[in-house]
Amino acid sequence: MRKSLLLSTILASIGAFVLVGGVLLLLDPGAPKHEAIKTGGLAGGAIVALYALWLNDRRRKVEEARQELEAQRIDHDRSRVADERFARAVELLGHETAQVRVGAMHALAGLAKSRVEYTQTVLDILCAYLRQPYKRSPDDEDAGEIELEVRLTSQRLVEDLLPRLEDKNPVHYDLNLTKAHLEYMDLSYRQVGDLIMRVAHLNESNAFHHMVVHGDVYLTDAEVTGRLYMHHNDFRRKAWFSRVKSRGLAVFTETKFGGETKFSNSEWADVKADGCAFAVAADLPEAWRN
């Protein structure tokens, strides 16, 4: 096809040269012949130039299409490799050796940072690990300490994957920590979507302060045996603390409750809640009113 167009262009160029030059000589026989030839040559050359422009544009489009296909192939290869890494890391989370499980968690976190479409899934997996039954056994204290270190790694990686308080228009990732055993978890100065900690066990000290929770908060039926820091938070939707049993210090100072808030049948040994603001009237427990 290109040879046919080239031949047609050459013939059209010659035709333009002959036609323009001949017309000029017929209209003005006394004019210098070299001027007619020059003008005809310009007309023929213009046709050749137009063909060259079309050919360059065609080459550019073909090259762009080739580059796009190459980019798609590279992205497909990266996605395939990422999927393989993801599947392998998830498989290793069940390994009997703690170091292997820790390595698998770091691999998942690294994948989530390099490919953001994995972030919510990785957070779900790390939270699922924390939801596994956990109890320190007095018969094997070393094994309990080792498992605690694995769980602390999972908690730190969850924290690291969440957007910071100062980030503008971040993705709202949800955390489902239902029935999780948490110890020294620190999500301070982070933003989340939903924060679900139903029937959770919060031991020692846990920090959930200076947070923005864009979704709902559920700490229902939770057992808090240590210190709980939830001060200077911005809870923008529901915040339910029904049937919580808190045995230690709970700090909610300067927290904003922007939606429906419930504390029904909850027990609080020691609460600091100065400066809290409630957009919807809440039936506060006795400990909160003192």
Side-chain angles (χ1 to χ4, degrees), residues 120 123-124 127-128 130-131 155 158-159 161-290:
Q120 182 63 66
L123 284 169
D124 291 342
C127 288
L130 295 171
R131 294 200 305 269
Q155 291 179 181
V158 168
E159 173 192 355
L161 289 175
L162 293 174
R164 293 185 172 274
L165 192 64
E166 64 270 17
D167 292 344
K168 302 299 182 182
N169 302 315
V171 178
H172 301 161
Y173 296 115
D174 300 328
L175 298 182
N176 184 356
L177 293 163
T178 298
K179 295 185 178 181
H181 291 259
L182 307 177
E183 189 168 331
Y184 299 114
M185 190 164 198
D186 186 357
L187 298 183
S188 56
Y189 297 95
R190 293 295 188 273
Q191 300 187 56
V192 301
D194 291 334
L195 180 58
I196 312 299
M197 293 190 288
R198 293 188 177 98
V199 204
H201 302 272
L202 280 66
N203 306 312
E204 298 296 338
S205 176
N206 289 276
F208 301 94
H209 58 83
H210 290 89
M211 295 180 66
V212 175
V213 184
H214 298 272
D216 297 329
V217 178
Y218 289 99
L219 196 68
T220 54
D221 296 287
E223 182 179 357
V224 184
T225 59
R227 297 180 300 279
L228 176 62
Y229 297 101
M230 280 194 159
H231 53 89
H232 295 88
N233 283 336
D234 185 358
F235 296 144
R236 298 192 172 177
R237 287 168 51 179
K238 291 180 181 177
W240 288 13
F241 299 87
S242 305
R243 300 175 299 281
V244 170
K245 290 182 172 60
S246 176
R247 306 305 183 200
L249 173 64
V251 183
F252 285 83
T253 306
E254 299 290 339
T255 287
K256 299 177 183 178
F257 295 85
E260 184 181 5
T261 306
K262 289 186 178 182
F263 295 92
S264 58
N265 300 313
S266 60
E267 301 175 10
W268 304 86
D270 187 7
V271 175
K272 296 185 182 300
D274 302 48
C276 287
F278 297 88
V280 180
D283 185 12
L284 298 176
E286 185 67 24
W288 280 69
R289 294 196 292 268
N290 294 335

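Partners of His232 by ring-ring contact (aromatic ring centres under 6.0 Å, His included), not counting sequence neighbours, listed by chain and number: His210. A search for side chain to side chain donor-acceptor pair (under 3.5 Å) contacts involving Asp186 returns Ser188, not counting sequence neighbours. In this structure, the salt bridge (Lys or Arg N to Asp or Glu O under 4.0 Å) partners of Arg236, at least two apart in sequence or on a different chain, are Asp234. Under the side chain to side chain donor-acceptor pair (under 3.5 Å) criterion, Arg131 pairs with no residue, sequence neighbours left out. Under the side chain to side chain donor-acceptor pair (under 3.5 Å) criterion, Thr178 pairs with Asn176, not counting sequence neighbours. Not counting sequence neighbours, the partners of Glu159 by the salt bridge (Lys or Arg N to Asp or Glu O under 4.0 Å) test are Arg190. Qualifying side chain to side chain donor-acceptor pair (under 3.5 Å) partners for Asp167, counting only residues two or more places apart in sequence or in other chains: none. Residues meeting the ring-ring contact (aromatic ring centres under 6.0 Å, His included) test with Tyr173, sequence neighbours left out: none.
Of the inter-residue distances, the one linking Phe235 atom CZ with Phe278 atom CZ reads 10.0 Å to the nearest 0.5 angstrom. The CD atom of Glu183 sits 10.0 Å away from atom OG of Ser205, with the distance rounded to the nearest 0.5 Å. The NZ atom of Lys272 sits 10.0 Å away from the OH atom of Tyr229 when rounded to the nearest 0.5 Å. We find the OG1-CG distance between Thr220 and Asn265 to be 12.0 Å, quoted to the nearest 0.5 Å. The distance from the OG atom of Ser266 to the CD atom of Glu286 is 11.5 Å, given to the nearest 0.5 Å. Residue Gln120 holds its CD atom at 10.0 Å from CG of Leu161, rounded to the nearest 0.5 Å.
Two residues are said to be in side-chain contact when any heavy atoms from C-beta on lie closer than 4.5 Å; Leu162 and Val192 meet this criterion. Taking the side chain as every heavy atom from C-beta outward, Asn206 and Val224 never approach each other to under 4.5 Å. For the pair Phe208 and Val217, the minimum side-chain heavy-atom distance is 4.5 Å or more. You'll find the side chain of Leu130 reaches within 4.5 Å of the side chain of Leu177, heavy atoms only.
Counting all heavy atoms, side chain and backbone alike, Ala287 lies closest to Trp268 at CB-O, 3.6 Å. Of all heavy-atom pairs between His209 and His231, the closest is CB-O, 3.1 Å.
In this structure, the side chain of Asp194 does not engage the main chain of Asp174 through any donor-acceptor pair within 3.5 Å.
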Per-pair distances, 0.1 Å, donor-acceptor, side chain in residues 241-252, under 3.5 Å, sequence neighbours excluded:
from   : atom 1 : to     : atom 2 : distance (Å)
Ser242 : OG     : Ser264 : OG     : 3.2
Arg243 : NE     : Asp221 : OD1    : 2.8
Arg243 : NE     : Asp221 : OD2    : 3.2
Arg243 : NH2    : Asp221 : OD2    : 3.0
Arg247 : NH1    : Glu267 : OE1    : 3.2

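Ring pair Phe263/Trp288 is tilted by interplanar angle, where 30° to 60° counts as tilted.
Each salt bridge (charged side-chain N to carboxylate O under 4.0 Å, His left out) pair with one or both residues in residues 210-220, not counting sequence neighbours, appears once here: Asp216-Arg237. Legend: side chain to side chain donor-acceptor pair (under 3.5 Å) pairs involving residues 250-261, not counting sequence neighbours: none detected.
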